[in-house]
Structure formats: C-alpha cells, structure tokens
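These notes concern the structure reproduced below.
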Amino acid sequence: MKTILFCQNAYAFGILAPIRDVLQKENHEYIWFIAPKLLDTFPFKKENFTTSILDLQFFESDAIFAPGNEVPYYLRGVKVQIFHGLAGEKKGHFRIRNYFDLYLTQGPYFTEKFNRFKAQHQDFDVVETGWPKLDIYHTAVHEYQKEKETLLKDYQTDKIILYAPTFSPSLTSAPYLLEQIRELAISTGYLLLLKFHDLMDQKWVAAYKKLSEEVPNILFKEDKNITKSLLLADLMISDTSSVIYEFLLLDKPVITFKNISENIQWLDIKSYEGLVGKVKATLEHDTYAPERKKLNEQYHPYKDGKSAARMVQTTQEYIAKNGVPNERKLSFLRKKKIHKIFGTPTKDIFTGPKKNKISALVITYNEEDHINGVLENLQFADEIIVVDSFSTDTTIEKLKAFNNIHLIQRPFKDFTDQKAYALAQAKHNWVLFIDADERLTDALKNEVLKTVNSDQKKAAAYYFLRIFMFEKQRMRFTGTQSDKNYRLFQKSKVKFDLTKTVHETLLVDGESKVLKNKLIHYSYNNYEEFKNKRLKYTSMQAKELLAKNKKPTAFHFIVKPAFRFFKHYVIGLGFLDGKKGIVLSYLMALGIYNRYSELKRLRKENQP
C-alpha cells in the first residue's frame, strides 16, 4: 500500500509516527507531506518527504492519513481522517467537511456520533480503531522514569506539574495565570514544565519564557512533541486544550480553568484564581479517579498500543472492498477552498520514464534561513551537490539532516570561480543550478522534468523567468517583470566566463530557450538585508573594475545612479509597486553609487 502521511501542523508528527512505524514494519511505501511552514521543525528529513503537492500527484498513493481538517480532493487514494485530538467538545470536531472517505475513531463516544453522520451523508465509512498517538503511552510508559527520578532529585521536590494551555485567544488561560504559576512554583517548590502550542500568541510565549528565566524550578519546554512532558508530569493544569484527554488517559489528575466541555470529569475552576490551593488539595486527595475510569472507557478503551496497526489494517480492508478512488467529489465551494489552501493540481504531469538524469547544484554561505527549503525543493533531482564556503551559522548542521546531499566545503574566491568548480563536480550532463533563495514551483518542476526527458530537440540552455519577492511580497513591476537567468543547461555545452567574477556569465554553445513557468526568488526579507547584500555585491564589482583600470568620474556618481533609479521606477513601472517600488529603485541606484565610491577608495589605496 502506497501511503501519504499528511501534516498541516506540527502536532501531526507525533500522531502519524506510529503509523509510519507500522508501514515500515510491513514494508509499505510511504511519503510524508508537510506544509512548508513546518520544514524547519520536521524531525524525519532522512525519510521520504515533500512540501510539494506535485510530488504527491507523482506518488499516486493508495491511502492518505490526515490528522488535519483538509486534504486535497484531487489526490489519488482513500482519504482517511484520523483526528488531531480527543476534545470532542471543541468547535469543529464533529463537523463533516466532505473531504474524507473513511473516519477512524478513537473510542465509543466518537464512534456513535460519526455513525450518525454516516447515516445522514452516506458517502463515507466509520471504523473504531483507537488513536495512534496514544500507542506510545502503552509501549513506553516507563521510558522516562529514570529521567524523572533525576529531575526530582536535582530540584529537591517530589512532584512535577505540567502547564499546557490552549492557544485559542478566546479560550486560553495564559493571560490570566502568569502570576499564579509563579506563586505555585515558589510556594510549593514543585518542578513546573510549561508547554505551549505552536500557534500560541508570541506575546504570552515571551512572557512565560521570561518567567522560566526568573524562577529556577520553572522549565519552558520547546520540543515539538508533548509526549515526554505528559509522561513526566504528575498533574496537569490547562483550560480547553485537547491534550487534557491524553493526560487523563494516563490516569493522572487534571485541573482546568473555564473548560467548555459538557462532560467534565476532572476539577474545573470557573474563575482565574485559587490555583495553589487546588493543586495541593488535588495531589493530597484525587477525588476524580472514578470519573477518569469512565471517561477512558468512552474516549479510548484501547490499552494494547496497537491503534496504528488497526488503522493500517482497516484501510487495507477498505481498499480491498471499495478500491482506490482517484479523487473525492466535492461542491464548487469546497473545491475552491482546497485550491486556496493547497493550490490547483498541476495539469499534464510528467509520467516518465526518466531518460536523462539531473544534477542539482547550489553554492552556499550562511544560508540557514534557506537551506532546508532549497534542499527539499531539489529532492526530485538525481543528485544534489552543495558547495559551501565554510558557513559559520547552522547551514551545515541543517544540511546534514538530509541523507542524499553531497557536501563540499571550499574557500570562496568569487562567484564565477565557485560556480565553475561546482559545475565541474556534476556527474550528469543535465544541470539545474539555482541559488539558495530560489524555489521551483510545482509547475516549473514539472516543466523541467518534461523538458529534460522529452524526445524533441533540446536547447543547450534554458532561462528561468523569476518572480521577485521583497519582504515576503511579490514585486510585479520595478523592472523585475523581465528578470531571467540561466538555470537549466547541458554541462557539455556551457562554461562560465572566468573574467566575470560577480555577476557570473554562462557561455552557451548552442540554442537558448525560455521555460514557460517562473522561478520564485525570495531575494530579501527586509530593507537592511537587501541593502547589505547590494553593498557587498557592488564592492566586489568595484574590485573587478579596478582590475580593468577603470576610473570613476562625476558621470558615474551622478548620472548612472539617477538613470538606474529612473530605469526601475519609471521605465520598469516601479511606481505601480507602491512604497516597495520606491525602496527597491533607490537600493538599485545606491548599489551603482557604492560601486564607484568603493572603486575610488580602492584606487586611492593602490596609489604609490
């Protein structure tokens, strides 16, 4: 069975990992899909994964396991909802969005409700399997016991308390419990673990981090998986977070503030006060133990740690009975929503076979903000070579998280020299050479594969048109509309002009063409970054001009910068890009001015 593990949020990693384990054990083929926002935190980069919907189209899955609320209707495969929590009272938990063929429920409470929906809609099945995230609690319940004993000894206490509020602005207790959490830690000496959702308002994240710095026995936990904290803690404090139920299913007490459940089986406080006394009283006398037992029976009665195995088996049985659907039928509005979230499907996709292999090349220096994105983007290539100029940030550490990258570290002389060296390392004739801040869209990736493997006559080199992104916003004018560079070419028919050291020039022996789809250029995140990079480039250009014995004049300091501004802002229609058009035009002009200022300085330094 070919399976997609579909992740829209970081919580999906811990839910889907047990299913991954079963798929590995049973020799099923699988691929992780992760939303681009999750790329830096995704923990399984050595496994098959993608942020590209096109890759999922290529994959042609039999099943898609999704803990989130949406999944692209146009992907092949049985679309399986496995839920992202146990809080049945939360808004949207029992909402049918028509995206799923199969609902795998956690326990009788959920099964009964979804069977009613099944009778109403009659276009999906419901099977009770248990919830995979809880498997680890029954297979590794004692795994952290030694660590807990060490923590208790180090902090000279006998209890660990976990505070894990929801992120929802209207429901979270975080704004109201800051001082009570401080008082609890100081007055009791208990070790407090703070674990916040990825979507929590950063104002409160910062406030509680500061609190943890001020109070020694408060630890702010930043690991993405809450499982360890749940297993270490003796009591949880929360509000309406769905993780409450995971803790209750470990048969440990919970205290909440203003919980909205209709079936509260734990201590809930209706005002934001009295925390210290309630914690002490609950630890001394756990009055809700009988209620927890009943809740466990309804929410998740499975204690064998095999929910993930049941999910895989149930899905296989569903496919054996019903076959594999190519897509899910949806209304126009539902399709429109999916297109807004995931984009439209790529048309006329490359179906193979691969007749020519591709070498993807990147040169880097301190690209920690881009390295994960560019390496994931190039996974379709047959080899990926990174030539790094001894980065001093986390570029290399992040790069090593991938298992199919050939890393070469080499001193930087100039851009042409470094790129010429990288080109010489490519094993294959077809080369895709992009910068770390560039990304191929799905449509462009598909076009590259079709071009390289076509039976038609091929050009020696191909230009890519580029979409210029400035401060995360697309620039549509300011001269960027005609921006293009060579990015795909045949190694045997090109070479770099070694006399051009900054803006490297590719010499092409043969025909050049322009591909239809555009490359995205995430050029600069902010004004200062753009300005500094422009000044760096123009300083290097000044050295190139010095070597040619060029002499700056008033023309270079006045006319050329003014014309460059005019070229981008007026001729290039920069005024249509608003304020960013002015800023970009100014920075381009500033670069020209700095080039000749630096040349003047260098000439003065070199005078006898």
Given the ring of Phe44, does Arg20 sit roughly above its face, with NZ or CZ under 6.0 Å from the centre of the six-membered ring and within 45° of the axis?
yes

Enter the distance from Glu447:CD to Leu515:CG here, rounded to the nearest 0.5 Å.
4.5 Å

Between Phe33 and Phe342, how do the two ring planes meet: parallel, tilted or perpendicular, split at 30° and 60°?
perpendicular

Can you establish whether the number of heavy atoms outside Lys118 located under 6.0 Å from its atom NZ is more than 12?
yes

Please state whether the rings of Tyr74 and His339 are parallel, tilted or perpendicular, taking 30° and 60° as the class boundaries.
tilted

Would you call Asp369-Lys398 a salt bridge at under 4.0 Å N-O?
no

Parallel, tilted or perpendicular, as decided by the 30° and 60° cut-offs, for the rings of Phe13 and Phe42:
perpendicular

Salt bridge between Lys133 and Glu246, side-chain N to carboxylate O under 4.0 Å?
yes

Under a 4.0 Å threshold between the charged nitrogen and the carboxylate oxygen, would Arg116 count as salt-bridged to Glu112?
yes

Hey, what's the ring geometry for Tyr299 with Tyr245, parallel, tilted or perpendicular (30° and 60° as the breaks)?
parallel

Do Lys357 side-chain atoms and Glu383 backbone N/O form a donor-acceptor pair below 3.5 Å?
no

State whether Phe59 and Lys2 meet the cation-pi test: NZ (Lys) or CZ (Arg) under 6.0 Å from the six-membered ring centroid, and within 45° of the perpendicular axis.
yes

Cation-pi check, Arg310 onto Tyr302 ring (under 6.0 Å, within 45° of axis):
yes

Sort out for me which residue in Phe83, Phe114, Tyr103 forms a ring pair (Phe, Tyr, Trp, His ring centres under 6.0 Å) with Phe94.
Phe114

Going by the angle between their ring planes, with limits at 30° and 60°, are Phe575 and Tyr569 parallel, tilted or perpendicular?
perpendicular

Does the structure place the NZ or CZ of Lys329 under 6.0 Å from the centre of the six-membered ring of Tyr73, at an angle of no more than 45° from the ring's axis?
no

